[in-house]
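A, B, ... follow the sequence lines: proteins, then strands. Residue 1 opens every chain.
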Protein chains: 2
Amino acid sequence: MLTKKELKEYCSNARENYLPHISIDCVVFGFHEGLMKVLLLQIKNGGEWYLPGGFVLKKEPIETAANRVLKERTGLNNIFLQQFHVFGDPERSKQHFDMYKDMLPAKDNWFTNRFLTIGYYALVDFYNVNPAPDQFSADCIWCDLNNLPELKLDHAAILKTALDALRLQLNYQPIGYNLMPKEFTMPELQKLYETILDEKLDRRNFQRRMLGFGILKRSEQLRRGGAHKAPYLYSFELENYNAALKEGFKGRW
Amino acid sequence: MLTKKELKEYCSNARENYLPHISIDCVVFGFHEGLMKVLLLQIKNGGEWYLPGGFVLKKEPIETAANRVLKERTGLNNIFLQQFHVFGDPERSKQHFDMYKDMLPAKDNWFTNRFLTIGYYALVDFYNVNPAPDQFSADCIWCDLNNLPELKLDHAAILKTALDALRLQLNYQPIGYNLMPKEFTMPELQKLYETILDEKLDRRNFQRRMLGFGILKRSEQLRRGGAHKAPYLYSFELENYNAALKEGFKGRW
DNA sequence: AAACATAGTGTATTATTGACACAATTGTAA
DNA sequence: TTACAATTGTGTCAATAATACACTATGTTT
């Protein structure tokens with residue numbers, strides 16, 4: 001926990017460098033051992049959990065701010081990021097870092113301000129991430145999406161909205177390049193979809209549909225070492241993948 | 001155009017009441033005589049065009065702010081509003097009301113600030129709208145979507161993004177209740193879809209699909225007076241409509 | 001070598017979509 | 001009054017896509 005002096009310094013620094021009343025929160029999705037993971041921070045003392053986030057520098061594009069925040073929490077650059085919603089209820093930031101609320105008079109205290117937060121979701125390769133806590137957190141770890149701790153503020157709602165947005169995305173855009181390692185098998189990719197959607201899919205139909213998108217290329221190699229028949233390895237055909245990202249799979253009209 | 005005194009007053013008032021650095025811009029879609037219309041404001045003097053917009057009061061939810069702005073421009077309450085994107089490039093507001101840029105020193109001048117703008121699109125019944133200019137505009141009028149004047153700032157990009165979001169919405173949500181009068185014919189509804197999508201649809205297939213959604217009810221009455229066979233009148237079955245809005249038409253997974 | 005778990009491939013059935021034809025209705029022009 | 005043009009209501013057939021399922025292949029385990 002910050003001392004009064006540290007808090008004071010943080011606040012005056014923040015006021016000088018960041019846009020007031022605006023924050024960024026990121027829902028970082030990863031995929032590991034068949035489970036959907038979300039990156040969470042645990043507050044120093046208190047022990048409460050919250051989403052990685054930060055503020056926007058006065059002359060910084062908001063996308064850059066989101067990337068900067070994520071770089072700090074994950075070590076990664078060029079993360080797949082999708083802005084999905086702004087949460088602007090005046091009540092939402094009422095309990096923002098409330099242990100610091102009384103340490104400074106409101107007019108000097110960054111954390112008593114109202115914040116609109118811009119929600120981003122990020123898709124990352126679990127294995128490349130080096131979770132790093134921020135200044136206010138004791139820990140930064142992956143949590144199972146279906147076994148989340150209680151979250152501070154409206155972060156549970158933000159997470160839910162992000163998940164809805166991600167599920168919607170599945171219907172008109174490819175997904176997976178950012179969540180899977182370079183090479184993967186069809187069953188592994190299927191598992192990703194099943195995890196996001198939280199439902200079982202038919203193996204054969206999944207493969208047919210997926211290949212139909214034309215964004216995969218099959219390697220000659222097989223994934224050896226598994227306990228059964230060795231599956232083929234696939235990777236994404238990046239050109240087609242990006243084209244599909246941009247154009248979207250055709251809608252229904 | 002505001003005098004220096006008026007501007008000064010406006011700015012000090014704004015600084016006192018609004019959240020700094022945050023604005024709202026609304027793309028108001030209407031449908032009239034087979035054409036998609038967008039509500040635009042024309043700047044006093046200058047003559048340039050821009051989207052209806054405004055600012056967020058310090059304790060006001062952003063949705064309320066958007067509704068307030070639209071109430072002022074259209075006279076309507078309870079407008080169908082959809083937040084679709086935040087535009088946060090630091091360069092985007094560089095030419096914001098630039099005729100006022102030099103009238104006040106930057107530190108006092110609200111319009112030299114950087115603004116993130118939250119984009120909303122609205123769907124309204126053309127015939128219920130009473131377009132009203134704001135303090136900075138000489139005029140507030142409906143413009144044809146496919147015959148737009150040049151727009152100030154990044155408003156052309158905002159409009160384009162709104163249209164994309166609207167088109168996306170067609171794929172998983174019903175639309176029309178907010179854009180059509182109470183009663184309408186199937187060809188009229190089809191025209192709306194064709195206009196939004198900017199493509200011709202097959203009459204018979206459109207009807208089958210539309211009825212399949214189960215959100216329409218057919219009146220016993222016909223629309224008389226047209227020059228040809230009188231079509232049936234339909235209206236939306238509001239309960240089912242709202243359920244479909246909430247649940248969405250099923251995706252493809 | 002047999003048992004087993006998982007992967008690859010294919011096929012029959014059903015549902016959805018797309019393309020199109022025809023009859024009915026209404027105002028207009030001959 | 002009648003023929004005509006334009007438009008609406010309805011239906012059908014074929015193509016396509018989605019779903020459900022079966023069989024074979026491969027590698028591990030015993």
To the nearest 0.5 Å, what is the distance between CD1 (Ile22(B)) and CG (Leu116(A))?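 Output value for this atom pair is 4.0 Å.
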
So how far is it from Trp142(B) CH2 to Leu39(B) CG, rounded to the nearest 0.5 Å?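 With rounding to 0.5 Å, CH2 (Trp142(B)) is 5.0 Å from CG (Leu39(B)).
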
[X] side chain near [N] phosphate (N/O to OP1/OP2, under 4.0 Å):
X         : N       : answer
Arg224(A) : dG27(D) : yes
Arg223(B) : dG9(D)  : no
Arg203(A) : dT19(D) : no

Quickly work out the [X] [atom1] to [N] [atom2] distance and round it to whole Å.
X         : N       : atom1 : atom2 : value
Arg208(A) : dA22(D) : CZ    : C1'   : 14 Å
Arg209(A) : dA20(D) : CZ    : P     : 13 Å
Leu222(A) : dA7(C)  : CG    : P     : 12 Å
Lys191(B) : dT7(D)  : NZ    : P     : 11 Å
Gln190(B) : dT7(D)  : CD    : C1'   : 12 Å
Tyr232(A) : dT26(D) : OH    : P     : 9 Å
Leu233(B) : dT8(D)  : CG    : P     : 12 Å
Gln221(A) : dG27(D) : CD    : P     : 14 Å

Ring pair (Phe, Tyr, Trp, His ring centres under 6.0 Å), paired with Phe249(B), selected from Tyr241(B), Phe213(B), Tyr172(B):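 Going through Tyr241(B), Phe213(B), Tyr172(B) one by one, the ring pair (Phe, Tyr, Trp, His ring centres under 6.0 Å) with Phe249(B) is satisfied by Phe213(B) alone.
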
Taking the side chain as every heavy atom from C-beta outward, state whether Tyr50(A) and Asp25(A) have any pair of such atoms under 4.5 Å apart.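 Tyr50(A) vs Asp25(A): side chains apart.
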
Using a heavy-atom cut-off of under 4.0 Å over every strand shown, decide if Ala230(B) touches base, sugar-phosphate, or nothing.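 The answer is sugar-phosphate, as Ala230(B) gets under 4.0 Å only of primed atoms, P, OP1 or OP2.
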
Which pairs count as salt bridge (charged side-chain N to carboxylate O under 4.0 Å, His left out) when at least one residue sits in residues 164-174 of chain B, sequence neighbours excluded?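 Pairs touching residues 164-174 of chain B that pass the test: Lys160(B)-Asp164(B).
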
Nearest to the side chain of [X] - [options]?
X         : options                   : answer
His228(A) : dC21(D), dA18(D), dG27(D) : dG27(D)
Lys229(A) : dT7(D), dT6(C), dA19(C)   : dT6(C)
Asn205(B) : dA18(D), dC20(C), dG9(D)  : dC20(C)

Most 5' of Arg204(B) and Leu211(A) on DNA chain C, judged by nearest nucleotide: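 The residue whose closest nucleotide sits nearer the 5' end is Leu211(A).
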
Taking for each residue the nucleotide of DNA chain C bearing the nearest heavy atom, is the 5' side occupied by Ala227(A) or by Gln207(A)?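 Its nearest nucleotide being more 5', the pick is Ala227(A).
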
Could you tell me if the ring centre of Phe80(B) sits under 6.0 Å from that of Phe29(B)?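 Here the rings of Phe29(B) and Phe80(B) have centres that are no less than 6.0 Å from each other.
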
Compute the ring centroids of Phe31(B) and Tyr193(B), then answer whether they are less than 6.0 Å apart.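 Ring centroids of Phe31(B) and Tyr193(B) are no less than 6.0 Å from each other.
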
Let me test you: for the helix from dA1(C)-dT30(D) to dA30(C)-dT1(D), what is the angle between the axes at its two ends (five pairs each), rounded to 10 degrees?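 Result, rounded to 10 degrees: 10°.
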
